[in-house]
Amino acid sequence: MPYTYYPGCSLHATGVSYDKSMRAVFGKLGLGLEELDDWNCCGATSYMSVKETVAFAITARNLALAEKNGGGDLVAPCSACYALLNKTRKFLGEAPALRADVAEALAEDDLECRLSVPVRHPLEVLMNDVGTERLAAAQTRSIADFRPACYYGCQILRPQRAMDDDPEVPMAMEDLFAALGAEPVDYPPRTRCCGGMLMATAEEVAVKLCEELIGWAQERDANCIVTVCPLCQGNLDILGRRAELVGGGRPIPVLYFTQLLGLALGCTRRELGIQHGLIPLTVEARPLPVEPAAVGMEA
Amino acid sequence: MKMRSSPMRGPSSPGVLPQAEKELREAFLTEAARIPGGELLNRCIQCGTCSGSCPVTYAMDYSPRQVIAMFRAGAIEPLLRSRTIWICASCYSCTTRCPADIKITDLLYALKRIAIEKKIFPRRFPVYVLSETFTDMVRRHGRNHETGLLLRFFLKTRPFKLLSMAKDGLALWWHGRMPFKPRKIRGLEGLRRIIAKAETFDRPQEPVEHDNLTDTVGYSAIMEPWGRRAADHENGRRPPRRRLATVL
Ligand code: SF4
Ligand code: SF4
(Lines give C-alpha, C1' and ligand atoms only; values in the text may rest on other atoms or scores of the structure.)
(Ligands and ions follow the chains in the order given, each with its own letter.)
Protein backbone atom coordinates (compact mmCIF):
# COMPACT_ATOMS: atom_id res chain seq x y z
CA MET A 1 0.00 0.00 0.00
CA PRO A 2 1.41 3.45 -0.81
CA TYR A 3 2.39 5.65 2.10
CA THR A 4 0.22 8.66 2.79
CA TYR A 5 2.38 11.74 2.65
CA TYR A 6 1.85 14.69 4.98
CA PRO A 7 4.24 17.40 3.77
CA GLY A 8 3.19 20.15 6.17
CA CYS A 9 3.40 23.87 5.53
CA SER A 10 7.18 24.22 5.69
CA LEU A 11 7.77 21.76 2.89
CA HIS A 12 5.77 24.02 0.59
CA ALA A 13 7.94 27.03 1.40
CA THR A 14 11.32 27.18 3.13
CA GLY A 15 11.63 23.40 3.11
CA VAL A 16 10.82 22.93 -0.57
CA SER A 17 13.97 20.89 -1.14
CA TYR A 18 12.88 18.41 1.53
CA ASP A 19 9.64 17.91 -0.41
CA LYS A 20 11.47 17.43 -3.69
CA SER A 21 14.04 15.03 -2.27
CA MET A 22 11.36 13.02 -0.43
CA ARG A 23 9.49 12.45 -3.67
CA ALA A 24 12.70 11.75 -5.60
CA VAL A 25 14.00 9.18 -3.12
CA PHE A 26 10.68 7.40 -2.66
CA GLY A 27 10.23 7.37 -6.44
CA LYS A 28 13.72 5.97 -7.02
CA LEU A 29 13.04 3.18 -4.54
CA GLY A 30 9.67 2.42 -6.09
CA LEU A 31 7.81 3.23 -2.87
CA GLY A 32 4.36 4.73 -3.35
CA LEU A 33 3.89 8.15 -1.76
CA GLU A 34 0.47 9.79 -2.05
CA GLU A 35 -0.05 13.27 -0.66
CA LEU A 36 -2.87 13.42 1.88
CA ASP A 37 -5.72 15.16 0.11
CA ASP A 38 -6.59 18.61 1.47
CA TRP A 39 -4.41 18.34 4.58
CA ASN A 40 -4.34 21.31 6.91
CA CYS A 41 -1.64 22.85 9.08
CA CYS A 42 -0.67 20.67 12.06
CA GLY A 43 -0.82 23.76 14.28
CA ALA A 44 2.85 23.57 15.26
CA THR A 45 3.79 24.69 18.72
CA SER A 46 2.06 28.03 18.24
CA TYR A 47 -1.42 26.64 18.65
CA MET A 48 -0.39 24.64 21.70
CA SER A 49 0.50 27.84 23.47
CA VAL A 50 -2.83 29.47 22.82
CA LYS A 51 -5.64 26.98 22.62
CA GLU A 52 -5.08 23.39 23.46
CA THR A 53 -8.29 21.71 22.35
CA VAL A 54 -8.22 23.59 19.07
CA ALA A 55 -4.62 22.50 18.55
CA PHE A 56 -5.55 18.86 19.03
CA ALA A 57 -8.69 19.16 16.95
CA ILE A 58 -7.02 20.60 13.86
CA THR A 59 -4.22 18.05 14.05
CA ALA A 60 -6.80 15.30 14.48
CA ARG A 61 -8.51 16.44 11.28
CA ASN A 62 -5.46 15.24 9.37
CA LEU A 63 -5.49 11.91 11.17
CA ALA A 64 -9.18 11.56 10.43
CA LEU A 65 -8.67 12.37 6.74
CA ALA A 66 -5.89 9.80 6.49
CA GLU A 67 -8.19 7.17 7.99
CA LYS A 68 -11.09 8.15 5.78
CA ASN A 69 -9.00 7.84 2.64
CA GLY A 70 -8.00 4.38 3.75
CA GLY A 71 -4.39 4.96 2.76
CA GLY A 72 -1.21 3.55 4.23
CA ASP A 73 0.83 4.84 7.14
CA LEU A 74 1.06 8.59 7.42
CA VAL A 75 4.59 9.80 6.70
CA ALA A 76 5.47 13.23 8.09
CA PRO A 77 8.99 14.47 7.26
CA CYS A 78 8.83 17.74 9.21
CA SER A 79 9.87 17.00 12.78
CA ALA A 80 7.37 19.43 14.24
CA CYS A 81 4.47 17.90 12.29
CA TYR A 82 5.69 14.43 13.14
CA ALA A 83 5.87 15.21 16.84
CA LEU A 84 2.51 16.95 16.92
CA LEU A 85 0.63 14.32 14.99
CA ASN A 86 2.06 11.70 17.32
CA LYS A 87 1.45 13.76 20.42
CA THR A 88 -2.16 14.14 19.35
CA ARG A 89 -2.51 10.38 18.87
CA LYS A 90 -1.00 9.78 22.28
CA PHE A 91 -2.99 12.39 24.17
CA LEU A 92 -6.27 11.45 22.53
CA GLY A 93 -5.55 7.83 23.33
CA GLU A 94 -4.80 8.51 26.97
CA ALA A 95 -7.08 11.37 27.96
CA PRO A 96 -10.74 10.41 27.50
CA ALA A 97 -12.04 13.89 28.36
CA LEU A 98 -9.92 15.46 25.68
CA ARG A 99 -10.83 12.78 23.19
CA ALA A 100 -14.54 13.36 23.74
CA ASP A 101 -14.09 17.09 23.13
CA VAL A 102 -12.06 16.56 19.98
CA ALA A 103 -14.52 13.97 18.66
CA GLU A 104 -17.34 16.45 19.14
CA ALA A 105 -15.40 19.12 17.26
CA LEU A 106 -14.54 16.77 14.38
CA ALA A 107 -18.16 15.72 14.11
CA GLU A 108 -18.89 19.28 12.94
CA ASP A 109 -17.23 18.31 9.67
CA ASP A 110 -18.52 14.72 9.64
CA LEU A 111 -15.12 13.38 10.53
CA GLU A 112 -14.18 10.72 12.97
CA CYS A 113 -10.78 9.93 14.39
CA ARG A 114 -10.21 6.32 15.43
CA LEU A 115 -6.44 6.70 15.75
CA SER A 116 -5.97 3.71 13.45
CA VAL A 117 -3.31 5.13 11.14
CA PRO A 118 0.23 5.23 12.52
CA VAL A 119 2.30 8.39 12.00
CA ARG A 120 5.87 7.73 10.94
CA HIS A 121 9.00 9.61 10.09
CA PRO A 122 10.64 8.93 6.70
CA LEU A 123 13.99 8.18 8.32
CA GLU A 124 12.39 5.40 10.31
CA VAL A 125 10.40 4.21 7.28
CA LEU A 126 13.53 3.99 5.15
CA MET A 127 15.56 2.30 7.87
CA ASN A 128 12.92 -0.24 8.89
CA ASP A 129 10.75 -0.87 5.83
CA VAL A 130 13.56 -0.71 3.28
CA GLY A 131 16.67 -1.28 5.35
CA THR A 132 20.28 -0.25 4.98
CA GLU A 133 21.14 -3.29 2.91
CA ARG A 134 18.54 -2.66 0.25
CA LEU A 135 19.42 1.03 0.21
CA ALA A 136 23.10 0.22 -0.22
CA ALA A 137 22.22 -2.24 -2.98
CA ALA A 138 20.28 0.47 -4.80
CA GLN A 139 23.23 2.84 -4.68
CA THR A 140 24.46 4.07 -8.06
CA ARG A 141 26.74 6.98 -7.14
CA SER A 142 29.54 7.24 -4.63
CA ILE A 143 29.21 9.71 -1.75
CA ALA A 144 32.64 8.84 -0.35
CA ASP A 145 33.68 12.50 -0.37
CA PHE A 146 30.97 13.48 2.08
CA ARG A 147 31.79 13.85 5.76
CA PRO A 148 28.32 14.57 7.16
CA ALA A 149 27.63 15.74 10.70
CA CYS A 150 24.36 13.90 11.33
CA TYR A 151 22.03 16.16 13.26
CA TYR A 152 18.78 14.74 14.63
CA GLY A 153 17.46 17.69 16.60
CA CYS A 154 14.67 17.37 19.10
CA GLN A 155 11.31 16.38 17.90
CA ILE A 156 11.82 13.02 16.23
CA LEU A 157 13.46 11.71 19.39
CA ARG A 158 11.45 13.53 22.02
CA PRO A 159 8.91 13.22 23.51
CA GLN A 160 8.11 10.14 21.44
CA ARG A 161 11.00 8.70 19.56
CA ALA A 162 10.65 7.66 15.97
CA MET A 163 13.28 4.97 15.95
CA ASP A 164 14.23 2.11 18.22
CA ASP A 165 17.49 3.93 18.49
CA ASP A 166 19.01 5.27 21.67
CA PRO A 167 17.19 8.60 22.17
CA GLU A 168 20.33 10.17 23.62
CA VAL A 169 22.81 8.85 21.05
CA PRO A 170 20.88 7.92 17.92
CA MET A 171 23.02 6.39 15.20
CA ALA A 172 20.51 5.68 12.43
CA MET A 173 21.83 8.29 9.99
CA GLU A 174 25.45 7.51 10.79
CA ASP A 175 24.79 3.82 10.10
CA LEU A 176 22.94 4.63 6.90
CA PHE A 177 25.56 6.95 5.44
CA ALA A 178 28.48 4.82 6.55
CA ALA A 179 26.85 1.89 4.75
CA LEU A 180 26.65 4.08 1.65
CA GLY A 181 30.37 4.83 1.86
CA ALA A 182 30.31 8.33 3.34
CA GLU A 183 32.36 9.22 6.40
CA PRO A 184 30.03 10.53 9.10
CA VAL A 185 31.95 12.54 11.69
CA ASP A 186 31.44 12.10 15.41
CA TYR A 187 28.92 14.80 16.26
CA PRO A 188 28.16 15.02 19.99
CA PRO A 189 25.40 17.68 19.83
CA ARG A 190 23.34 15.49 17.49
CA THR A 191 20.21 15.71 19.63
CA ARG A 192 20.54 19.26 20.86
CA CYS A 193 17.97 21.89 20.08
CA CYS A 194 18.43 24.41 17.24
CA GLY A 195 16.10 26.88 18.93
CA GLY A 196 13.23 26.31 16.53
CA MET A 197 10.82 29.24 16.51
CA LEU A 198 12.99 31.12 19.03
CA MET A 199 14.71 32.31 15.88
CA ALA A 200 11.74 34.65 15.45
CA THR A 201 10.88 35.39 19.08
CA ALA A 202 14.19 35.40 20.95
CA GLU A 203 16.80 35.50 18.26
CA GLU A 204 19.86 35.83 20.45
CA VAL A 205 19.01 32.55 22.18
CA ALA A 206 18.56 30.67 18.91
CA VAL A 207 21.75 32.18 17.51
CA LYS A 208 23.76 30.87 20.43
CA LEU A 209 22.33 27.37 20.03
CA CYS A 210 23.05 27.30 16.30
CA GLU A 211 26.49 28.76 16.81
CA GLU A 212 27.37 25.79 18.97
CA LEU A 213 25.93 23.34 16.48
CA ILE A 214 27.90 24.88 13.62
CA GLY A 215 31.08 25.23 15.68
CA TRP A 216 30.99 21.59 16.61
CA ALA A 217 30.61 20.53 12.99
CA GLN A 218 33.56 22.73 12.01
CA GLU A 219 35.68 21.36 14.77
CA ARG A 220 35.02 17.81 13.59
CA ASP A 221 35.84 18.84 10.03
CA ALA A 222 32.43 17.94 8.63
CA ASN A 223 31.78 19.16 5.10
CA CYS A 224 28.01 19.14 5.44
CA ILE A 225 25.40 18.98 8.19
CA VAL A 226 22.59 16.52 7.54
CA THR A 227 19.21 17.25 9.15
CA VAL A 228 15.75 15.70 9.29
CA CYS A 229 13.77 18.87 9.95
CA PRO A 230 12.94 21.99 7.92
CA LEU A 231 13.25 24.23 10.97
CA CYS A 232 16.75 22.95 11.82
CA GLN A 233 17.77 23.23 8.18
CA GLY A 234 16.40 26.76 7.89
CA ASN A 235 18.02 28.03 11.08
CA LEU A 236 21.42 26.49 10.37
CA ASP A 237 21.36 27.49 6.70
CA ILE A 238 20.45 31.11 7.41
CA LEU A 239 22.72 31.58 10.41
CA GLY A 240 25.54 29.54 8.90
CA ARG A 241 26.12 32.32 6.37
CA ARG A 242 26.79 34.92 9.02
CA ALA A 243 30.48 35.62 9.25
CA GLU A 244 30.41 36.19 13.00
CA LEU A 245 29.01 32.72 13.54
CA VAL A 246 31.33 30.82 11.29
CA GLY A 247 34.45 32.43 12.68
CA GLY A 248 37.28 32.09 10.22
CA GLY A 249 36.00 28.81 8.83
CA ARG A 250 34.05 28.07 5.69
CA PRO A 251 30.26 27.97 5.90
CA ILE A 252 28.98 24.41 6.07
CA PRO A 253 26.11 23.52 3.72
CA VAL A 254 23.06 22.03 5.40
CA LEU A 255 21.32 19.13 3.65
CA TYR A 256 18.27 17.04 4.33
CA PHE A 257 19.08 13.39 4.86
CA THR A 258 16.90 12.60 1.85
CA GLN A 259 19.12 14.83 -0.30
CA LEU A 260 22.32 13.02 0.60
CA LEU A 261 20.58 9.67 0.26
CA GLY A 262 19.18 10.77 -3.11
CA LEU A 263 22.64 11.67 -4.34
CA ALA A 264 23.79 8.15 -3.52
CA LEU A 265 20.77 6.70 -5.30
CA GLY A 266 21.61 8.62 -8.46
CA CYS A 267 18.99 11.39 -8.34
CA THR A 268 20.11 14.64 -9.93
CA ARG A 269 20.93 17.71 -7.85
CA ARG A 270 17.96 19.48 -9.40
CA GLU A 271 15.55 16.66 -8.55
CA LEU A 272 16.78 16.83 -4.96
CA GLY A 273 16.45 20.61 -4.73
CA ILE A 274 20.11 21.13 -3.86
CA GLN A 275 19.83 24.52 -5.61
CA HIS A 276 17.52 25.76 -2.85
CA GLY A 277 20.28 25.67 -0.23
CA LEU A 278 21.62 29.09 0.75
CA ILE A 279 25.11 27.77 1.41
CA PRO A 280 26.24 26.16 -1.83
CA LEU A 281 27.12 22.49 -1.72
CA THR A 282 30.53 22.04 -3.28
CA VAL A 283 31.03 18.34 -2.64
CA GLU A 284 29.83 16.16 -5.49
CA ALA A 285 28.63 12.61 -5.74
CA ARG A 286 30.86 10.67 -8.06
CA PRO A 287 30.47 7.53 -10.13
CA LEU A 288 30.90 4.39 -8.10
CA PRO A 289 34.52 3.28 -8.32
CA VAL A 290 34.02 -0.43 -9.01
CA GLU A 291 31.33 -2.28 -10.95
CA PRO A 292 27.96 -1.24 -9.58
CA ALA A 293 27.10 -3.81 -6.94
CA ALA A 294 23.42 -3.28 -7.44
CA VAL A 295 22.17 -5.67 -10.05
CA GLY A 296 18.55 -6.61 -10.25
CA MET A 297 17.79 -5.09 -6.88
CA GLU A 298 14.70 -3.19 -7.84
CA ALA A 299 13.10 -2.03 -4.63
CA MET B 1 -12.13 35.57 38.09
CA LYS B 2 -10.13 38.70 37.73
CA MET B 3 -6.54 38.87 38.67
CA ARG B 4 -5.05 41.77 40.46
CA SER B 5 -2.39 42.92 38.13
CA SER B 6 0.28 44.31 40.43
CA PRO B 7 2.08 44.13 42.69
CA MET B 8 2.29 40.48 43.62
CA ARG B 9 0.58 39.92 46.91
CA GLY B 10 2.16 37.64 49.44
CA PRO B 11 0.23 35.30 51.71
CA SER B 12 -1.61 37.11 54.46
CA SER B 13 -0.24 34.73 57.04
CA PRO B 14 2.28 31.90 56.83
CA GLY B 15 0.90 28.84 55.09
CA VAL B 16 -2.10 30.59 53.59
CA LEU B 17 -2.41 31.32 49.90
CA PRO B 18 -3.69 34.68 48.77
CA GLN B 19 -6.92 34.59 46.78
CA ALA B 20 -5.25 35.50 43.49
CA GLU B 21 -2.78 32.67 43.89
CA LYS B 22 -5.57 30.24 44.70
CA GLU B 23 -7.37 31.14 41.51
CA LEU B 24 -4.25 30.71 39.44
CA ARG B 25 -3.59 27.40 41.11
CA GLU B 26 -7.05 26.21 40.23
CA ALA B 27 -6.57 27.30 36.63
CA PHE B 28 -3.22 25.60 36.43
CA LEU B 29 -4.48 22.35 37.93
CA THR B 30 -7.40 22.31 35.51
CA GLU B 31 -4.96 22.66 32.63
CA ALA B 32 -2.54 20.11 34.08
CA ALA B 33 -5.34 17.60 34.57
CA ARG B 34 -5.79 17.43 30.80
CA ILE B 35 -2.18 16.36 30.29
CA PRO B 36 -1.72 12.60 30.46
CA GLY B 37 0.73 12.17 33.31
CA GLY B 38 0.19 15.78 34.40
CA GLU B 39 -0.79 14.57 37.84
CA LEU B 40 2.74 13.28 38.46
CA LEU B 41 3.71 16.84 39.29
CA ASN B 42 3.96 16.08 42.98
CA ARG B 43 6.62 13.44 42.42
CA CYS B 44 9.38 15.94 41.67
CA ILE B 45 12.45 15.16 43.74
CA GLN B 46 14.10 18.48 42.86
CA CYS B 47 17.08 16.69 41.35
CA GLY B 48 17.72 19.38 38.76
CA THR B 49 18.10 16.98 35.82
CA CYS B 50 15.65 19.12 33.88
CA SER B 51 17.59 22.33 34.43
CA GLY B 52 20.85 20.61 33.58
CA SER B 53 19.40 19.19 30.36
CA CYS B 54 17.78 22.38 29.21
CA PRO B 55 19.82 24.10 26.49
CA VAL B 56 18.39 27.51 27.33
CA THR B 57 18.41 27.58 31.14
CA TYR B 58 21.00 30.33 30.97
CA ALA B 59 18.47 32.64 29.36
CA MET B 60 15.66 31.86 31.82
CA ASP B 61 14.87 33.68 35.01
CA TYR B 62 13.64 30.51 36.73
CA SER B 63 15.10 27.15 35.75
CA PRO B 64 12.69 24.29 35.00
CA ARG B 65 13.40 22.78 38.42
CA GLN B 66 12.60 26.09 40.07
CA VAL B 67 9.33 26.24 38.16
CA ILE B 68 8.13 23.09 39.89
CA ALA B 69 9.45 24.28 43.24
CA MET B 70 7.71 27.62 42.91
CA PHE B 71 4.43 26.05 42.01
CA ARG B 72 4.62 23.95 45.15
CA ALA B 73 5.55 26.94 47.22
CA GLY B 74 2.44 28.70 46.00
CA ALA B 75 4.07 31.24 43.72
CA ILE B 76 2.43 30.82 40.33
CA GLU B 77 2.04 34.48 39.57
CA PRO B 78 5.78 35.16 39.23
CA LEU B 79 5.94 32.14 36.94
CA LEU B 80 3.27 33.62 34.70
CA ARG B 81 5.29 36.81 34.56
CA SER B 82 8.54 35.00 33.94
CA ARG B 83 10.70 34.88 30.85
CA THR B 84 11.08 31.16 31.36
CA ILE B 85 7.77 30.06 29.93
CA TRP B 86 8.41 32.01 26.73
CA ILE B 87 12.05 31.05 26.36
CA CYS B 88 11.32 27.33 26.47
CA ALA B 89 12.05 26.04 22.96
CA SER B 90 9.83 23.03 23.53
CA CYS B 91 12.71 20.62 22.90
CA TYR B 92 11.50 18.09 25.48
CA SER B 93 15.00 17.37 26.82
CA CYS B 94 13.82 17.96 30.37
CA THR B 95 10.72 15.80 29.96
CA THR B 96 12.53 12.79 28.50
CA ARG B 97 15.22 12.85 31.15
CA CYS B 98 13.14 13.56 34.24
CA PRO B 99 13.48 10.53 36.52
CA ALA B 100 10.01 11.19 37.93
CA ASP B 101 8.26 11.35 34.53
CA ILE B 102 7.12 14.90 35.05
CA LYS B 103 5.79 16.45 31.87
CA ILE B 104 7.67 19.70 32.33
CA THR B 105 7.34 20.91 28.74
CA ASP B 106 3.58 20.39 28.71
CA LEU B 107 3.25 22.03 32.13
CA LEU B 108 5.11 25.03 30.74
CA TYR B 109 2.58 25.10 27.91
CA ALA B 110 -0.18 25.11 30.50
CA LEU B 111 1.43 28.11 32.19
CA LYS B 112 1.71 29.87 28.82
CA ARG B 113 -1.96 29.35 28.15
CA ILE B 114 -2.92 30.77 31.53
CA ALA B 115 -0.60 33.73 31.09
CA ILE B 116 -2.22 34.40 27.71
CA GLU B 117 -5.70 34.05 29.09
CA LYS B 118 -4.90 36.51 31.85
CA LYS B 119 -3.00 38.77 29.46
CA ILE B 120 0.06 38.84 31.68
CA PHE B 121 2.69 40.21 29.35
CA PRO B 122 3.59 43.38 27.53
CA ARG B 123 1.53 44.29 24.51
CA ARG B 124 3.25 43.19 21.31
CA PHE B 125 4.95 40.46 23.24
CA PRO B 126 6.69 38.43 20.51
CA VAL B 127 5.66 34.87 21.39
CA TYR B 128 2.08 35.85 21.88
CA VAL B 129 1.93 37.84 18.67
CA LEU B 130 3.52 34.96 16.78
CA SER B 131 0.95 32.52 18.15
CA GLU B 132 -1.92 34.86 17.38
CA THR B 133 -0.71 35.60 13.87
CA PHE B 134 -0.18 31.93 13.29
CA THR B 135 -3.62 30.90 14.46
CA ASP B 136 -5.20 33.66 12.41
CA MET B 137 -3.33 32.40 9.36
CA VAL B 138 -4.63 28.88 9.87
CA ARG B 139 -8.16 30.15 10.29
CA ARG B 140 -7.89 32.06 7.03
CA HIS B 141 -6.15 29.53 4.82
CA GLY B 142 -6.15 26.23 6.68
CA ARG B 143 -2.42 26.28 6.28
CA ASN B 144 0.38 28.41 7.50
CA HIS B 145 1.98 30.70 4.98
CA GLU B 146 5.52 31.23 6.24
CA THR B 147 6.26 34.36 4.23
CA GLY B 148 3.10 36.11 5.34
CA LEU B 149 3.50 34.88 8.90
CA LEU B 150 6.98 36.32 9.32
CA LEU B 151 6.11 39.57 7.57
CA ARG B 152 3.07 40.18 9.71
CA PHE B 153 4.88 39.06 12.84
CA PHE B 154 7.77 41.46 12.46
CA LEU B 155 5.54 44.31 11.31
CA LYS B 156 3.60 43.95 14.53
CA THR B 157 6.50 43.45 16.90
CA ARG B 158 9.69 44.99 15.58
CA PRO B 159 9.17 46.64 12.21
CA PHE B 160 12.76 47.84 12.08
CA LYS B 161 13.93 44.30 12.43
CA LEU B 162 12.51 43.69 8.96
CA LEU B 163 15.26 45.80 7.46
CA SER B 164 18.04 43.76 8.98
CA MET B 165 16.18 40.60 8.05
CA ALA B 166 15.65 41.63 4.47
CA LYS B 167 18.94 40.06 3.45
CA ASP B 168 17.95 36.64 4.77
CA GLY B 169 14.46 36.97 3.36
CA LEU B 170 15.73 37.93 -0.05
CA ALA B 171 18.21 35.07 -0.04
CA LEU B 172 15.41 32.64 0.75
CA TRP B 173 13.22 34.15 -1.94
CA TRP B 174 16.06 34.07 -4.44
CA HIS B 175 16.52 30.39 -3.72
CA GLY B 176 12.86 29.71 -4.33
CA ARG B 177 11.94 29.23 -0.70
CA MET B 178 9.57 32.12 -0.08
CA PRO B 179 6.39 31.76 -2.13
CA PHE B 180 4.22 34.86 -1.96
CA LYS B 181 0.85 33.33 -2.53
CA PRO B 182 -0.78 31.41 0.30
CA ARG B 183 -2.61 28.24 -0.63
CA LYS B 184 -6.07 27.67 0.76
CA ILE B 185 -7.41 24.25 1.57
CA ARG B 186 -10.71 23.19 0.02
CA GLY B 187 -12.30 22.07 3.25
CA LEU B 188 -11.81 25.46 4.88
CA GLU B 189 -15.44 25.81 5.95
CA GLY B 190 -15.34 22.44 7.69
CA LEU B 191 -12.06 23.28 9.37
CA ARG B 192 -13.50 26.54 10.66
CA ARG B 193 -16.46 24.68 12.11
CA ILE B 194 -14.08 22.29 13.86
CA ILE B 195 -12.09 25.19 15.30
CA ALA B 196 -15.20 27.02 16.44
CA LYS B 197 -16.49 23.95 18.23
CA ALA B 198 -13.13 23.10 19.78
CA GLU B 199 -12.80 26.63 21.08
CA THR B 200 -15.83 26.16 23.27
CA PHE B 201 -13.92 23.48 25.18
CA ASP B 202 -10.87 25.56 25.92
CA ARG B 203 -10.52 27.37 29.18
CA PRO B 204 -12.28 29.00 30.86
CA GLN B 205 -14.54 26.01 30.65
CA GLU B 206 -15.79 25.31 34.13
CA PRO B 207 -16.79 27.57 36.97
CA VAL B 208 -13.99 27.84 39.47
CA GLU B 209 -15.07 26.43 42.79
CA HIS B 210 -13.27 28.59 45.26
CA ASP B 211 -14.48 26.80 48.33
CA ASN B 212 -12.91 23.61 47.10
CA LEU B 213 -9.51 25.12 47.32
CA THR B 214 -7.23 24.54 50.19
CA ASP B 215 -5.57 27.37 52.05
CA THR B 216 -2.32 25.62 52.54
CA VAL B 217 0.83 25.63 50.45
CA GLY B 218 3.11 22.73 49.59
CA TYR B 219 1.98 19.23 48.76
CA SER B 220 -1.44 19.40 50.29
CA ALA B 221 -2.20 22.37 48.11
CA ILE B 222 -1.53 20.23 45.08
CA MET B 223 -3.39 17.20 46.22
CA GLU B 224 -6.59 18.29 47.84
CA PRO B 225 -8.39 20.19 45.12
CA TRP B 226 -7.39 17.50 42.70
CA GLY B 227 -8.93 14.62 44.58
CA ARG B 228 -12.15 16.51 45.14
CA ARG B 229 -12.47 17.69 41.61
CA ALA B 230 -11.94 14.19 40.30
CA ALA B 231 -14.76 13.04 42.56
CA ASP B 232 -16.99 15.87 41.33
CA HIS B 233 -16.56 14.70 37.81
CA GLU B 234 -17.75 11.21 38.43
CA ASN B 235 -21.38 12.19 38.02
CA GLY B 236 -20.71 14.97 35.57
CA ARG B 237 -21.00 15.27 31.82
CA ARG B 238 -17.37 14.58 31.11
CA PRO B 239 -15.50 11.38 31.80
CA PRO B 240 -13.76 11.58 35.17
CA ARG B 241 -10.27 12.94 35.13
CA ARG B 242 -7.38 11.01 36.51
CA ARG B 243 -7.14 10.92 40.24
CA LEU B 244 -3.91 12.19 41.64
CA ALA B 245 -1.67 9.30 42.47
CA THR B 246 -0.86 9.24 46.15
CA VAL B 247 2.79 8.50 45.99
CA LEU B 248 4.09 10.50 48.87
S1 SF4 C 1 14.12 16.37 36.42
FE2 SF4 C 1 12.03 15.93 37.16
S3 SF4 C 1 12.32 15.28 39.28
FE4 SF4 C 1 14.23 16.30 38.67
S5 SF4 C 1 13.93 18.46 39.30
FE6 SF4 C 1 13.25 18.30 37.17
S7 SF4 C 1 11.05 17.93 37.31
FE8 SF4 C 1 11.90 17.48 39.33
S1 SF4 D 1 11.47 21.70 26.72
FE2 SF4 D 1 11.85 23.82 27.37
S3 SF4 D 1 12.36 23.70 29.54
FE4 SF4 D 1 12.51 21.63 28.71
S5 SF4 D 1 14.68 21.40 28.17
FE6 SF4 D 1 13.64 22.11 26.32
S7 SF4 D 1 13.79 24.33 26.36
FE8 SF4 D 1 14.29 23.61 28.43
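In the text below, chain A, chain B and the rest are named by the order of the sequence lines, each starting its count at 1.
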Q) Under the side chain to side chain contact (heavy atoms under 4.5 Å, CB included) criterion, do F201(B) and E52(A) qualify, and how do the steps go? A) CA-CA 9 Å; F201(B) 297 120; E52(A) 192 194 29; over 6 Å; no
Q. Distance under 6.0 Å and angle within 45° of the ring axis: does K87(A) meet both against Y92(B)?
A.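 Because its charged atom misses either the 6.0 Å distance or the 45° angle limit, K87(A) does not stack over Y92(B).
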About how many Å separate [atom2] of [Y] and [atom1] of [X], when rounded to the nearest 0.5 Å?
X       : Y       : atom1 : atom2 : value
R193(B) : L111(A) : CZ    : CG    : 9.5 Å
I35(B)  : F91(A)  : CD1   : CZ    : 6.0 Å
R177(B) : S10(A)  : CZ    : OG    : 10.0 Å
D237(A) : L172(B) : CG    : CG    : 7.5 Å
I194(B) : T53(A)  : CD1   : OG1   : 13.5 Å
K208(A) : Y58(B)  : NZ    : OH    : 5.0 Å

Q | Salt bridge flag under 4.0 Å for residues D38(A) and K184(B) | A | no
Q. Any Lys/Arg nitrogen of R241(A) or D168(B) sitting under 4.0 Å from an Asp/Glu carboxylate oxygen of the other?
A. yes
Counting only non-hydrogen atoms closer than 4.5 Å, does [X] touch chain B with its backbone (N, CA, C, O), its side chain (CB onward), both, or neither?
X       : answer
L209(A) : side chain
A13(A)  : both
D37(A)  : side chain
E168(A) : side chain
L278(A) : both

Q | A59(B) versus chain A, the contacting section by heavy-atom distance below 4.5 Å | A |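 It is the side chain, since no backbone atom gets that close.
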Q.
Under 4.5 Å from any heavy atom of chain A, what part of I87(B) do you find: side chain, backbone, both or neither?
A.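 The answer is both parts of I87(B).
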Q: Might you confirm whether atom CD of E34(A) has over 12 heavy atoms from other residues, nucleotides or ligands at distances under 6.0 Å?
A: no
Q.
Assess the residue pair K197(B) and D101(A) against the criterion (salt bridge (Lys or Arg N to Asp or Glu O under 4.0 Å)); give the C-alpha distance rounded to whole Å, side-chain angles, the decisive distance to 0.1 Å, and a yes or no.
A. CA-CA 9 Å; K197(B) 186 76 191 180; D101(A) 293 349; over 6 Å; no
Sort out for me which of [options] touches chain A most, counting heavy-atom pairs under 4.5 Å.
options                          : value
G190(B), A115(B), S53(B)         : G190(B)
T95(B), T133(B), I85(B), D106(B) : D106(B)
R83(B), R97(B), E189(B), K103(B) : R97(B)
A110(B), C88(B), S93(B)          : S93(B)

**Q.** Residues forming a ring-ring contact (aromatic ring centres under 6.0 Å, His included) with H175(B), sequence neighbours excluded
**A.**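 Counting only residues at least two positions away or on another chain, H175(B) forms no ring-ring contact (aromatic ring centres under 6.0 Å, His included).
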Q: Check the pair R61(A), L191(B) against side chain to side chain contact (heavy atoms under 4.5 Å, CB included), reporting the backbone distance first and the verdict last.
A: CA-CA 8 Å; R61(A) 176 180 180 268; L191(B) 179 68; 3.6 Å; yes
Q) Are the side chains of K90(A) and P36(B) in touch, meaning some heavy atoms are under 4.5 Å apart? A)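 Contact flag for K90(A)/P36(B) side chains = no.
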Q) Picking from R192(A), H12(A), R99(A), which has the most non-hydrogen pairs under 4.5 angstrom with chain B? A)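 The candidate making the most pairs under 4.5 Å is H12(A).
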Q: Verify, without hydrogens or angle tests, whether Q155(A) (side chain) and S90(B) (backbone) share a donor-acceptor contact under 3.5 angstrom.
A: yes
Q. Can you check whether C41(A)'s main-chain N or O pairs, donor with acceptor, with R143(B)'s side chain at less than 3.5 Å?
A.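 Between the backbone of C41(A) and the side chain of R143(B) there is no qualifying donor-acceptor contact (under 3.5 Å).
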Q. Which atom names give the shortest non-hydrogen contact between A89(B) and G195(A), and what distance separates them?
A.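 For A89(B) versus G195(A), the nearest heavy atoms are CB-O, 4.1 Å.
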